[in-house]
There are 2 protein chains.
Amino acid sequence: MSKAANTRLTILQKAFELIYSKGYQTTSIDEIIATTQVTKGAFYYHFKTKDEMGVAIIEEILKPTMLGNFIKPIENSENPIEDFYNMISYLLLEDPLLDVKYGCPVGNLTQEMTPWNNQFSKALSELVDQWMLTIEKAILRAQTLGLIRKDVNGQQVAFFVMSGYWGIRNFGKLKDSNSCYIVYLKEFRNYLNSLK
Amino acid sequence: MSKAANTRLTILQKAFELIYSKGYQTTSIDEIIATTQVTKGAFYYHFKTKDEMGVAIIEEILKPTMLGNFIKPIENSENPIEDFYNMISYLLLEDPLLDVKYGCPVGNLTQEMTPWNNQFSKALSELVDQWMLTIEKAILRAQTLGLIRKDVNGQQVAFFVMSGYWGIRNFGKLKDSNSCYIVYLKEFRNYLNSLK
DNA sequence: GTTATTTCATACTAACTAGTATTTTTTATG
DNA sequence: CATAAAAAATACTAGTTAGTATGAAATAAC
């Protein structure tokens, strides 16, 4: 990787960490360049505005991570019920990039930036749509395999699963405790079983 | 109501609207006093700091509204399944104070202010706890009435219902469309039926 | 190696931020 | 009505914000 590409990536990664823990609006460019040891000139060479950097974080950090860790693994799932549960459980309890007290990066950005920045909304929307579509397809596959009832509506389930995840992450943030995740997961399991 | 109490309430109400639609951090005191036609002197006579005003909004606007509209009506419910559905449906589709593109005021504040302001977290936590406890009690009552299976765990259901609501509100915000609420509500109905 | 282009460094600005100091007006109380 | 206290008005400050102007160093092309 060229030196320039490296500074760009450093900015995106460090800025992501700051924004994930502090929020977008309250993370200043001065703070970003201080923690990255990159000068303001360099920053504004790579990004015309703060918002352009924000969108780049979604496109170049969040989307690839999401795709690799949570979309691809579900795409060819032969046992969606188990894999959905494991995916959510991993996200809540094990993912080393996430912290209970900071919530979900995608959920946070959605809450903070919509409806005020269209570029953010669009990028986040694409990410979420892709995830939901993957869940929907997995349901369909499970139905042909006889693992899920035929009358279950895949789209509805995708909305329900994804909403619950976003919501409980916000709740975990409020309580700063994993224990609510444990309670949530138990009922999530019950819900998934009700689809059988 | 005294004139002073009236200006205080005006500040809280208008500030709430601004914060609900724009977010807490990005709503400036200058903006609040501009829209309320109240001077800075008056503002700082009633509130020592911006954060003190923020907490007052939770205590004096959000808590009473929540208590009157969504906690009391559930407290003596004789048909919790139906009442849960109606409560969520009303919140999503009918409540005139809420707007799909701005999400849930409580969820928004939680996301934005925790873990950075303990007073906010505490006040929001109390509000949420009270709501969840009411749901839990309603489940218990429904179980004695034979409307919900005995093996259903009330706390788990409360977490699940409330998470789903917060999550779908964030989703509605992203899409700025009621249609995802419709889809969500269908699956919410299915979930509630699975408790019978 | 010279030149052109990319990449980065420094110093600055104008607008905005929460909050303060001080004075004036309004209201309550005797 | 006089006076004290409550409530509100005005002008200000110090710090922070995103973004700019301009020049210097590094890299690539020839």
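From a predicted model like this one, the values you see are computed outputs, not experimental measurements.
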Distances for protein N/O vs nucleotides 16-19 of chain C N/O pairs under 3.5 angstrom?
residue : atom : partner : partner atom : Å
dA18(C) : OP1  : K50(B)  : NZ           : 3.2
dA18(C) : OP2  : I29(B)  : N            : 3.0
dG19(C) : OP2  : Y44(B)  : OH           : 3.4
dG19(C) : OP2  : K50(B)  : N            : 2.9
dG19(C) : N7   : K40(B)  : NZ           : 3.4
dG19(C) : O6   : K40(B)  : NZ           : 3.0

How would you list all residue pairs meeting salt bridge (Lys or Arg N to Asp or Glu O under 4.0 Å) that involve residues 180-195 of chain B, not counting sequence neighbours? E82(B)-R189(B)
Round to a whole Å and report the spacing from [atom1] of [X] to [atom2] of [N].
X	N	atom1	atom2	result
Y45(A)	dT22(D)	OH	C1'	16 Å
N6(B)	dT27(C)	CG	P	12 Å
I11(B)	dA8(D)	CD1	C1'	10 Å
F43(A)	dT20(D)	CZ	C1'	14 Å
Q37(A)	dC8(C)	CD	P	14 Å

Looking only at heavy atoms, which two atoms of W166(A) and C104(A) are closest? And how far apart? NE1-SG, 3.5 Å
Testing the basics here: between Y20(B) and G103(B), what is the closest heavy-atom pair and its distance to 0.1 Å? OH-O, 2.7 Å
Would you tell me whether K173(B) and N170(B) have side-chain atoms, one donor and one acceptor, within less than 3.5 Å of each other? no
Run the side chain to side chain donor-acceptor pair (under 3.5 Å) test on K3(A) and N6(A) for me, step by step, so that the C-alpha distance in whole Å, both residues' side-chain angles and the decisive distance to 0.1 Å come before the verdict. CA-CA 5 Å; K3(A) 203 160 170 253; N6(A) 188 57; over 6 Å; no
In 5'-to-3' order, the base (B), backbone-only (S) or no-contact (-) status of each nucleotide in nucleotides 25-30 of chain D, using a 4.0 angstrom heavy-atom cut-off, is --S---
H46(A) side-chain N/O to dC8(C) phosphate OP1/OP2 under 4.0 Å: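 Checking dC8(C) against H46(A), a side-chain N or O does come within under 4.0 Å of OP1 or OP2.
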Hey, do the aromatic rings of Y24(A) and F120(A) have their centres closer than 6.0 Å? yes
Assess the residue pair K50(A) and I32(A) against the criterion (side-chain contact (heavy atoms from CB on, under 4.5 Å)); give the C-alpha distance rounded to whole Å, side-chain angles, the decisive distance to 0.1 Å, and a yes or no. CA-CA 10 Å; K50(A) 186 187 177 185; I32(A) 293 169; 5.5 Å; no
Q119(B) atom CD: more than 12 heavy-atom contacts under 6.0 Å: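 No.
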